[in-house]
Protein chains: 2
Amino acid sequence: MEKLYKEHTKVFKALCDEERLHILEMLRNGEKCACKLLENMDIGQSSLSYHMKILVESGIVESRQDGKWTYYKISKQGSKYAISLMRELTAINNISEKEN
Amino acid sequence: MEKLYKEHTKVFKALCDEERLHILEMLRNGEKCACKLLENMDIGQSSLSYHMKILVESGIVESRQDGKWTYYKISKQGSKYAISLMRELTAINNISEKEN
DNA sequence: ATAACATATCTAAATATTTCGATATGAGGT
DNA sequence: ACCTCATATCGAAATATTTAGATATGTTAT
């Protein structure tokens, strides 16, 4: 399997869990610290941490440390990349199609 | 968990498996029947069938029966929806951000 | 009707993801 | 230094996804 495929799945894996979509929805309204996110969810602290790691590693979310708090927000650059990746992977290649 | 979340994860689940990204890449060059896809992959027939079901149910791929063959192609409408969903889920809501 | 073929579905096993509780780390406050 | 708080990491269990082989379905050709 081509090496890029695995890299690409990371971006989409970030979005294929219901809890992570919930987190993302909260972050659409601005930067939040982990404790604030946790308040609005029905999961344990370690689970939230696990999800945040996946979101950050996908590039769609970025984190910032401030003392003992970790703040998270949606990354504009990361989202842009995710959107363009989605566009690219589903784009029909008209040149090859003619040769088919 | 909100009902829409599960619906939304379906779209992204389609894209978070390496084999399915490989299939999608082949389909970018035009409609193909299952047997043709299978030729270029290193998986069994039932596994391909499983992946195609997930891709079709996500809306990103559409299928068409022709005699004993099943042809698959990327759905323009489905891809458009997937892209707009990705855009929506990562869009920063500036109105609420001010109120934060 | 039967045989050959393409694909779908079923079942069980293999593998990956997610969850929880316990513990570790690291920052601030006393 | 010690305590407390916020978050991260670890390990095991629970759950979900993926795979392969066997079988079922439906189509075409004889």
Side-chain angles (χ1 to χ4, degrees), chain A residues 1-3 5-27 30-73, chain B residues 1-3 5-27 30-73:
Chain A
M1 197 71 1
E2 216 177 284
K3 180 150 184 290
Y5 291 148
K6 188 166 280 172
E7 202 56 31
H8 290 167
T9 61
K10 259 211 235 170
V11 174
F12 301 109
K13 277 188 181 165
L15 302 171
C16 60
D17 176 275
E18 299 187 58
E19 300 296 353
R20 292 197 286 274
L21 291 187
H22 183 195
I23 293 166
L24 220 46
E25 190 173 51
M26 292 189 274
L27 293 181
E31 190 180 60
K32 304 252 183 316
C33 82
C35 53
K36 186 88 187 181
L37 292 170
L38 199 53
E39 269 176 23
N40 296 302
M41 302 184 70
D42 213 27
I43 58 174
Q45 181 270 320
S46 66
S47 294
L48 176 65
S49 187
Y50 164 75
H51 287 305
M52 296 321 296
K53 190 174 183 178
I54 289 176
L55 282 167
V56 168
E57 284 178 351
S58 79
I60 293 174
V61 168
E62 51 188 319
S63 69
R64 161 176 83 77
Q65 215 59 33
D66 181 3
K68 37 184 182 173
W69 293 278
T70 310
Y71 286 88
Y72 295 99
K73 65 174 173 183
Chain B
M1 197 70 1
E2 217 177 284
K3 182 154 182 287
Y5 290 148
K6 189 166 280 173
E7 201 55 32
H8 290 167
T9 60
K10 258 210 233 168
V11 174
F12 301 110
K13 275 187 183 165
L15 301 171
C16 60
D17 176 276
E18 298 186 60
E19 300 295 354
R20 292 196 287 273
L21 290 187
H22 183 194
I23 293 165
L24 219 46
E25 190 173 53
M26 291 190 275
L27 293 181
E31 192 182 57
K32 305 251 181 320
C33 80
C35 55
K36 186 89 188 180
L37 292 170
L38 200 53
E39 270 177 20
N40 295 300
M41 301 183 70
D42 211 25
I43 60 175
Q45 180 270 321
S46 67
S47 294
L48 177 65
S49 187
Y50 165 75
H51 287 303
M52 295 322 294
K53 191 174 185 180
I54 290 177
L55 282 167
V56 168
E57 283 178 352
S58 79
I60 293 175
V61 168
E62 50 189 321
S63 68
R64 163 177 82 81
Q65 215 61 33
D66 182 2
K68 39 184 177 172
W69 292 278
T70 310
Y71 286 89
Y72 295 99
K73 67 174 172 183

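Every chain is numbered from 1 and lettered A, B, ... according to where its sequence line falls, protein lines coming before strand lines.
Counting to the nearest Å, the C1' atom of D:dT19 and the CG atom of B:Asp42 are 12 Å from each other. For the pair A:Ile43 CD1 and C:dT17 C1', the computed distance is 14 Å after rounding to whole Å. The nearest whole Å value for the distance from the CG atom in A:Asp66 to the P atom in C:dG26 is 17 Å. Straight-line distance from the CG atom of B:Leu38 to the P atom of D:dG21: 13 Å, rounded to whole Å. Remark: C1' of C:dT18 and CD of A:Glu57 are 15 Å apart, rounded to the nearest angstrom.
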Exercise for the section: Evaluate the criterion side chain to side chain contact (heavy atoms under 4.5 Å, CB included) for residue pair B:Leu15 and B:Ile60; output intermediate values, then yes/no. Expected result: CA-CA 9 Å; B:Leu15 301 171; B:Ile60 293 175; 4.1 Å; yes
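Comparing the end axes of the helix from C:dA1-D:dT30 to C:dT30-D:dA1, each fitted to five base pairs by superposing C1' atoms of four pairs onto the next four, gives an inter-axis angle of 20° (nearest 10 degrees).
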Practice task
Sugar-phosphate means primed atoms, P, OP1 and OP2; the rest is base. With that split, encode nucleotides 7-16 of chain C 5' to 3' as B, S or - using protein heavy atoms under 4.0 Å.
Solution key: BBB-------
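For B:His51, a side-chain nitrogen or oxygen approaches OP1 or OP2 of D:dT19 to under 4.0 Å.
Annotation: the span from A:Lys13 atom NZ to B:Phe12 atom CZ amounts to 15.5 Å, rounded to 0.5 Å. Distance NZ/A:Lys32 to OG1/A:Thr70: 15.5 Å, rounded to 0.5 Å. One distance of note links CD of B:Glu7 with OG of B:Ser58; it measures 11.0 Å at 0.5 Å rounding. Annotation: the span from A:Cys33 atom SG to A:Tyr72 atom OH amounts to 9.5 Å, rounded to 0.5 Å.
Residues forming a side-chain contact (heavy atoms from CB on, under 4.5 Å) with B:Lys73 (at least two apart in sequence, or on another chain): B:Glu31, B:Glu62. For B:Glu25, the side-chain hydrogen bond (donor to acceptor under 3.5 Å, both in side chains) partners are A:Tyr5, not counting sequence neighbours.
Shown for residues 15-22 of chain B: residues whose heavy atoms fall under 4.0 angstrom of DNA chain D, namely B:Asp17, B:Glu19, B:Arg20.
At the heavy-atom level, B:Ile54 lies under 4.0 Å from the strands shown only through sugar-phosphate atoms.
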Donor-acceptor pairs under 3.5 Å, side chain of residues 34-56 of chain B to any protein atom, not counting sequence neighbours: which ones?
| residue | atom | partner | partner atom | Å |
| --- | --- | --- | --- | --- |
| B:Asn40 | ND2 | B:Lys36 | O | 3.2 |
| B:His51 | ND1 | B:Arg20 | NH1 | 3.0 |

